[in-house]
S.K.: 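Just passing along the structure, written as structure tokens.
Keep in mind the model is a prediction, meaning the values are calculated, not measured.
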Amino acid sequence: MTETPDRNLALELVRVTEVAAIAAARYQGRGDKEAVDQAAVDAMRQVLSTIDMDGIVVIGEGEKDEAPMLYNGEVVGNGNRPQVDVAVDPVDGTRLTARGMPGALAVIALAPRGTMYAPGSLVYMDKVAVGPAAAGMIDIEAPIAHNLAQVAKANAKPVSDVTAIILDRPRNEPFVQAVREAGARIALIGDGDISGSIATAKTDSGIDILFGVGGSPEAVTSACAMAALDGEIQCKLWPRDDSEKAYARNEGLDLDQVLTTRDLVNSDNTFFAATGVTHGELLDGVRFGSKHVYTHSLVLRSKTGTSRYMNAIHKVEQLRDLSAFEL
């Protein structure tokens with residue numbers, strides 16, 4: 001049996017995403033993706049060590065430059081209960097941050113130990129995600145036009161008014177063409193399909209459905225958020241070549257399986273926190289004043305169905321005095 005956390009850990013995790021966002025935002029527009037990521041990881045790891053939890057990173061950064069960086073299997077937290085799985089993306093949108101573009105987030109999610117899906121080295125998934133209105137009405141194996149019609153029906157509007165969000169990648173061109181042929185609208189994004197998935201569950205976002213091939217880690221992390229928002233995400237592993245197909249066979253990963261929200265995170269008690277790094281549709285980015293830094297965050301818990309938007313004002317000098325990393 002897995003242990004169910006009995007407090008809203010997301011309210012503690014937002015401290016983790018806030019410092020990661022602040023650290024990463026210092027490098028906004030400087031053109032250095034590695035510096036963005038390193039700053040966020042260093043900040044995130046230090047604050048994670050203070051959280052009351054016994055966490056294992058299931059969805060993480062891996063190792064870079066021979067230094068552990070929130071890699072899969074790393075133990076995080078101070079070792080106290082509860083025992084949890086951790087999905088972490090210090091910056092979902094490092095390229096966006098480095099180029100000074102909108103939509104980057106610092107993200108972390110938790111679920112009880114043993115409940116998160118682990119895709120291993122298969123880093124891509126085919127995905128479709130919708131908000132509460134269309135949950136239960138989509139099928140990733142159905143044609144694009146069918147899913148668009150289902151979303152249109154659920155939202156009581158014509159397909160021509162449905163907007164699909166898609167990562168702007170060559171591999172996703174078939175999705176773009178299919179949506180155009182069906183007569184729906186498209187919002188292309190450069191990165192950040194965690195925020196894209198969440199946008200489908202926000203009634204004021206103007207986004208109705210997400211299509212396309214994106215990161216497997218982002219799919220699991222998104223599932224933790226969608227569980228709290230009553231949305232739905234469906235995925236299938238997407239191997240890039242024969243070596244990844246062989247890896248899937250060796251690891252017992254079914255390439256034909258449709259992975260539902262419940263398959264990606266098998267719990268009714270997920271926790272999710274995200275803080276904006278750069279300004280975007282979901283969250284405002286970090287703003288620097290003369291003595292204060294301002295952050296905007298989203299905090300979710302599926303057990304209670306609670307969504308919180310949090311504005312925070314941080315005193316820079318006091319944060320720096322307490323930190324072993326640059327803020």
Side-chain angles (χ1 to χ4, degrees), residues 2-5 7 9-24 33-94 97 104-125 194 215-225 237 247 251 253 264-267 269-275 277 322-327:
T2 56
E3 178 185 1
T4 301
R7 67 185 193 276
L9 283 164
L11 292 173
E12 300 170 48
L13 295 175
V14 73
R15 294 194 295 114
V16 177
T17 57
E18 285 173 346
V19 296
I22 293 170
K33 286 175 54 180
E34 287 71 25
V36 170
D37 196 50
Q38 185 70 62
V41 169
D42 289 345
M44 186 171 272
R45 290 184 78 223
Q46 180 173 317
V47 180
L48 264 177
S49 68
T50 70
I51 303 296
D52 274 333
M53 66 179 187
D54 178 5
I56 293 179
V57 177
V58 175
I59 301 296
E61 285 281 281
E63 295 187 7
K64 182 185 285 186
D65 299 327
E66 300 181 358
M69 294 177 60
L70 297 173
Y71 57 87
N72 292 352
E74 182 176 354
V75 175
V76 294
N78 63 11
N80 294 332
R81 288 179 179 271
Q83 295 181 321
V84 293
D85 287 345
V86 181
V88 60
D89 197 341
V91 180
D92 181 31
T94 53
T97 306
L105 307 174
V107 180
I108 190 168
L110 300 184
R113 178 70 54 81
T115 60
M116 281 188 188
Y117 180 82
S121 297
L122 297 181
V123 297
Y124 287 107
M125 287 184 181
I194 293 177
S216 298
E218 288 82 356
V220 178
T221 308
S222 296
C224 292
L237 291 166
Y247 171 85
E251 296 298 318
L253 298 170
L264 294 170
V265 56
N266 187 22
S267 174
N269 197 19
T270 65
F271 303 87
F272 177 93
T275 300
V277 178
L322 294 170
S323 304
F325 47 86
E326 181 65 27
L327 284 177

S.K.: Under the side chain to side chain donor-acceptor pair (under 3.5 Å) test, which residues partner Thr17, sequence neighbours left out?
M.R.: Thr275

S.K.: Specify the closest pair of heavy atoms between Asp37 and Pro90, including all atoms of both residues, with the distance to one decimal.
M.R.: OD1-CB, 4.3 Å

S.K.: Do you know the tightest heavy-atom contact between Pro119 and Leu237?
M.R.: CB-CD2, 4.2 Å

S.K.: What is the minimum heavy-atom distance between Ala87 and Met116, and which atoms define it?
M.R.: N-CE, 3.7 Å

S.K.: Are Ile108 and Phe271 side-chain neighbours, meaning at least one heavy-atom pair lies under 4.5 Å?
M.R.: no

S.K.: Indicate yes or no for a side-chain donor-acceptor contact from Asn72 to the backbone of Gly60 under 3.5 Å, with no hydrogens or angles considered.
M.R.: yes

S.K.: What are the two closest heavy atoms between Ile59 and Tyr117, and how far apart are they?
M.R.: CD1-O, 3.9 Å

S.K.: Hydrogens and angles aside, do Asp42 and Gln46 bring a side-chain donor and acceptor to less than 3.5 Å of each other?
M.R.: no

S.K.: To the closest 0.5 Å, what do you measure between CD1 (Ile194) and CG (Leu105)?
M.R.: 7.0 Å

S.K.: I need the single residue from Val76, Val88, Asp89 that forms a side chain to side chain contact (heavy atoms under 4.5 Å, CB included) with Met44. Which is it?
M.R.: Val88

S.K.: Closest heavy-atom contact between Ala10 and Phe272?
M.R.: CB-O, 3.8 Å

S.K.: Do you know the tightest heavy-atom contact between Asn269 and Pro112?
M.R.: O-CD, 3.5 Å

